[in-house]
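In the text below, chain A, chain B and the rest are named by the order of the sequence lines, each starting its count at 1.
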Amino acid sequence: MEFAELIKTPRADNVVLHRPFYPVVEGTLCLTGHHLIFSSRRQDNVEELWLLHSNIDSIDKRFVGSLGTIIIKCKDLRIIQLDIPGMEECLNIASSIETNEWRLSYVNKDFSVSPSYPPIVTVPKSIDDEALRKVAMFRHGGRFPVLGYYHKKNGMVMMRSSQPLTGTNGRRCKEDEKLINATLRPGKRGYIIDTRSLNVAQQARAKGGGFEQEAHYPQWRRIHKSIERYHILQESLIKLVEACNDQSHNMDRWLSKLEASNWLTHVKEILTTACLAAQCIDREGASVLVHGTEGTDSTLQVTSLAQIILDPRCRTIRGFEALVEREWLQAGHPFQQRCAQSAYSNSKQKWEAPVFLLFLDCVWQILRQFPCSFEFNYYFLLMLFEHAYASQFGTFLGNNENERCKLKLPQKTMSLWSWVNRPQELNKFKNPLYEANSLVIWPSVAPQSLQLWEGIFLRWNRSSKFLDESYEEMINIIKYNKELQVKVNLLRRQLAELKTDDEMQESL
Amino acid sequence: PEHLEKLPLTTSGCPLVIQCKNFRIVHFVVPRERDCHDIYNSLLQLSRLVRYDELYAFSYNPKQNETERMQGWELIDLAEEYQRMGVPNSNWQLSDANHDYKICETYPRDLYVPRNASKPIIVGSSKFRSKGRFPVLSYYHRDKEAAICRCSQPLSGFSARCLEDEHMLQAISKANPVNRYMYVMDTRPKLNAMANRAAGKGYENEDNYSNIRFQFVGIENIHVMRSSLQKLLEVAGTRGLSVNDFFSGLENSGWLRHIKAVLDAAVLLAKAIAVENASVLVHCSDGWDRTSQVCSLGSLLLDPYYRTIKGFMVLIEKDWISFGHKFSDRCGQLDGDPKEISPVFTQFLEGVWHLTEQFPQAFEYNEAFLLQIHEHVHSCQFGNFLGNCQKEREELKLTEKTYSFWPFLLDEQKKYLNPLYNPNFSERLSILEPNTVSFNFKFWRNMYHQFDRTMHPRQSVFNLIMSTSEQNKQLEEDIKELELKLEQQKGKQPNAVFCKEPLLSVHPMSPTLKTSECFKKEQPLLPVNESIRTIEGSNTADNRYSEYMEELAKAEPAVVSLEYGVARMTC
């Protein structure tokens, strides 16, 4: 992640700058990759303040109504105050300049530290690459804790990693402890969400894996959930599809087969864990570390869904694409292995699992509950499912960045996004009901609120003609509404113009 | 309320749980146990009324004058409805045989029968049918000239027969000029029907009736349905329910199986008429529960009129109210035999809901309409659903003493319009053929958890589309008005077009600036209805995952304090 990407609001107008012994100045505030720039923007006497981000020692924010105030204390001991109108803008700016606790590390640039990590990762600034290498030795597959998400509202973060290699004799790693603790604010506690049950996590120790011991991570509280893996998920998919494909089932048989597939149980478990992570961050004001065993499957389901719940940007088309890119492709979800076969495969291979499909199903469930909060529609999720399993594009090929580099995919194939983002394609995926919603969205995970994703599982088993038609009609109503609004505006303007012309004529 | 329960005392007080007939569950915590006990006893007595005139409908006063009230009762006219269907005609006539309720107490006065069914045949047939409910017309399909008829089971026992009854059925089949054979649908499971023979009842022997095709369709009886719903509600009400418990509970309750059976029967009925042009006689035991379900749903599949707001009221009035579905007994309006209570009408509404899910553009009304009807079938606020049959309603003088529900529903019809409704839908599709493969049946969350908002989607597509299409209508009117004004304005300045240019050049004012100023005055152009966009009840405490975080955030139990007269509820 480039620093520039952290800048949510690059510019704010009507900002008031207070400095000791100087008159108050009103002007425009700009954020660049390296500087905070304030300019009075007056023609006559331009007053400008350039402040290096690296000069910022600490930041305080306060609010009076919707007027926010940021007090910046600099390393050269200067203290300045900025009044920024608008809560949103103020928070954005504060969070953008605050993130100097983080840095980009190129420690994995040749994929030697962690073969499944991307070349660039975001880590706490206080941890150097040497320490990262040591932590990598202590984590499964070298997947040391990295930044997954920064919650700008309160500065809490979500980290992800793989399991620590504590083994049966409780090995520890000081650098690991230091790294994780570096993500905590002074006096704050954090939560480690282990996606495995305590039992499974304990068993993992026999194979050299394990979990963080309370004694060595006293500022962290561990919560175990149990999200299933690999073949259990694959079997679940196979059973579900089998149940859906048999039209002869009577009601009891259908319901018992649906139940026996456990598919919706997995959906509920994943969603619940993601909600839990989001709840820790947003409601408890605590940072979170998520991991399971490898940190490439259930971990990513949880971290990506939590971001959809917390971050409105992930609910836009571009934002969701970026999320998939960041939390799945770059994060090293082994698409090649997981999506090699789908529900009709007879060969029992160990690595296949509908991990990504389950993630999409969970997104679908949230989308159903918040139908106006997503810029994309069901077809977008369906398209991603199709391309994850079979695609003419290079995006989902390979198991991680390392492999994609070796295969020279960027040079030899087309990116799915470049095709999807063409306006004519994008139109198919736009949700006509979308209205940006900056709130955190908490889905219901009660079984009564979860549904079978008909668009995927019943797609070839029944006609959706009438449903499709009604969707079209819905789009038409909204389109028509926009046209009417434009027309009313136009007429009003014409009328007003005529009236003023009239008045002028009379006054002449 | 359906059910009251006092739970063991806790530190904060005495919990009181009220389960309502509209599936609302309210938990109160009353600080003092004695108060709780008093409330419990009062509610218990108030919910078990003995006389009809104690019901709310007799004291409900919406401040209407007498004429308005009477007009309300006249809103639905069944004679008009039969006319709409095309009866009387050369084959079907209005019979006055039951005009004084002499032949059948639970039928309406006005009945339509085949023209060649003479009075002795009617009387003879009625004596051979349970509770005197002989075969009469329920729906006439004008284009196919085929009819849906309804009755109760024959008193055939193991071998009894009745010539008049056989004639009656023959008359029905002869009243169909296109197809001579008719279907007789016994909506019961075969075993039940056979068991009835031992009690001198039973089903038609195909050998005795000419031109009939007899068929069982296997819908269970009221007792099975009652316990099925009971099981369903138990599952739905479980706290911290797992997905597997939910589905196995759903399966064990058998509820969706029953809904499917009812819809399957309706589809069979509709197809017999639409595809084979055959008339169908439907019955169960007494012909007022399953028969009402199948006849009304079958008509709904055949006739788009019943998919309109007014038409649906007519359908309920005809197949349920007039033909004597025992609303009072089935809904437990008075303190009576709990074994008579059964969610037969609720199942009918659920069947309709499933159809609206499959054909989103075929219905003029929406889900809220169905829920509102369900609400008032149980509320006893209006007279329509009181009593068990028309005769009883007349004796209660309901039209004089209570108000009719339909005008109130019609008054609010804006709330119940389906914005996606396409009146031309039925032109393409004369009969709705729902897909009844099991996977199409879903738990009706908005019925059984209507009041548990935390389980609902947090944003409603339906509300949004509804307000958008309403806004569209307003905008269309605005445009008309503006265009008119514009015309008038242009008329005022005949040379407007020519004046415009020189004027602008004289005043070097930016035209865009000028217009935008005028434009501002007109703001706000369209107040966006915020309430529709807002997200209801979306917070972590409302959701079930907070259970996993109990150590983190302990939700305070809602407490009712009688002293201060303040009640906070958790639903």
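- With a 4.5 angstrom heavy-atom cutoff, B:Y448 does not touch chain A via any of its atoms.
- Rounded to the nearest 0.5 Å, atoms OG (A:S444) and NE2 (B:H456) are 9.5 Å apart.
- Looking at B:R257, the atoms closer than 4.5 Å to chain A (heavy atoms on both sides) sit in the backbone and in the side chain alike.
- Partners of B:Q347 under the side chain to side chain donor-acceptor pair (under 3.5 Å) rule, at least two apart in sequence or in another chain, are B:Q293.
- Between the CH2 atom of B:W255 and the CG atom of A:L255 there is a distance of 14.5 Å, given to the nearest 0.5 Å.
- The candidate from B:N472, B:L420, B:L482, B:L486 with the greatest count of non-hydrogen atom pairs under 4.5 Å with chain A is B:N472.
- Between A:P447 and B:L241, the closest heavy-atom pair is CG-O, 3.2 Å.
- Across all their heavy atoms, A:C372 and B:L464 have their closest contact at SG-CD2, 3.9 Å.
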Quick one, B:R458 with A:I441, criterion side chain to side chain contact (heavy atoms under 4.5 Å, CB included). Give me CA distance, side-chain angles, the key distance, then yes/no. CA-CA 9 Å; B:R458 305 304 205 270; A:I441 53 175; over 6 Å; no
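- Residue pairs meeting the salt bridge (Lys or Arg N to Asp or Glu O under 4.0 Å) criterion with at least one member in residues 476-489 of chain A, sequence neighbours excluded, are A:K487-B:E483.
- Looking at A:N461, the atoms closer than 4.5 Å to chain B (heavy atoms on both sides) sit in the backbone and in the side chain alike.
- Across B:A261, B:P360, B:A236, the residue that shares the most heavy-atom pairs under 4.5 angstrom with chain A is B:P360.
- For A:L484, the parts lying near chain B are the backbone and the side chain together; criterion is any non-hydrogen pair under 4.5 Å.
- At distances below 3.5 Å, at least one donor-acceptor pair connects side-chain atoms of A:S449 with backbone N or O atoms of B:M455.
- Contacts between B:N435 and chain A at a heavy-atom distance below 4.5 Å involve the side chain alone, from C-beta outward.
- Nearest heavy-atom pair across A:H249 and B:S438 is O-OG, 2.9 Å.
- Around the NZ atom of B:K442, the shell of radius 6.0 Å holds more than 12 heavy atoms that belong to other residues, nucleotides or ligands.
- We find the NZ-CD distance between A:K465 and B:Q358 to be 13.0 Å, quoted to the nearest 0.5 Å.
- To the nearest 0.5 angstrom, A:E473 atom CD is 12.5 Å from B:Y421 atom OH.
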Tell me, with the steps shown, if B:F246 and A:L264 meet side chain to side chain contact (heavy atoms under 4.5 Å, CB included). CA-CA 11 Å; B:F246 175 65; A:L264 285 169; over 6 Å; no
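- Nearest heavy-atom pair across B:S248 and A:E259 is CB-OE1, 3.1 Å.
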Is there a side chain to side chain contact (heavy atoms under 4.5 Å, CB included) between B:I465 and A:L433? Walk through the geometry before answering. CA-CA 9 Å; B:I465 297 297; A:L433 304 171; 3.9 Å; yes
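- Between the CG atom in A:N481 and the CD atom in B:Q471 there is a gap of 4.5 Å [rounded to 0.5 Å].
- Contact tally against chain B (heavy-atom pairs below 4.5 Å) for A:E469, A:M251, A:Q494: the top residue is A:M251.
- Summarising the geometry, atom CD belonging to B:Q459 is positioned 10.0 Å from atom CG belonging to A:L367; distances are rounded to the nearest 0.5 Å.
- Between A:I477 and B:P419, the shortest heavy-atom distance links the atoms CD1-O, 3.6 Å.
- Ring geometry for B:F439 versus A:W254: interplanar angle over 60°, hence perpendicular rather than tilted (30 to 60°).
- Contact record, B:E251 with A:S256: OE1-CB, 2.9 Å, taken as the closest heavy-atom pair.
- Contact tally against chain A (heavy-atom pairs below 4.5 Å) for B:V437, B:D245, B:I479: the top residue is B:I479.
- Looking at A:L458, the atoms closer than 4.5 Å to chain B (heavy atoms on both sides) all sit in the side chain, from C-beta outward.
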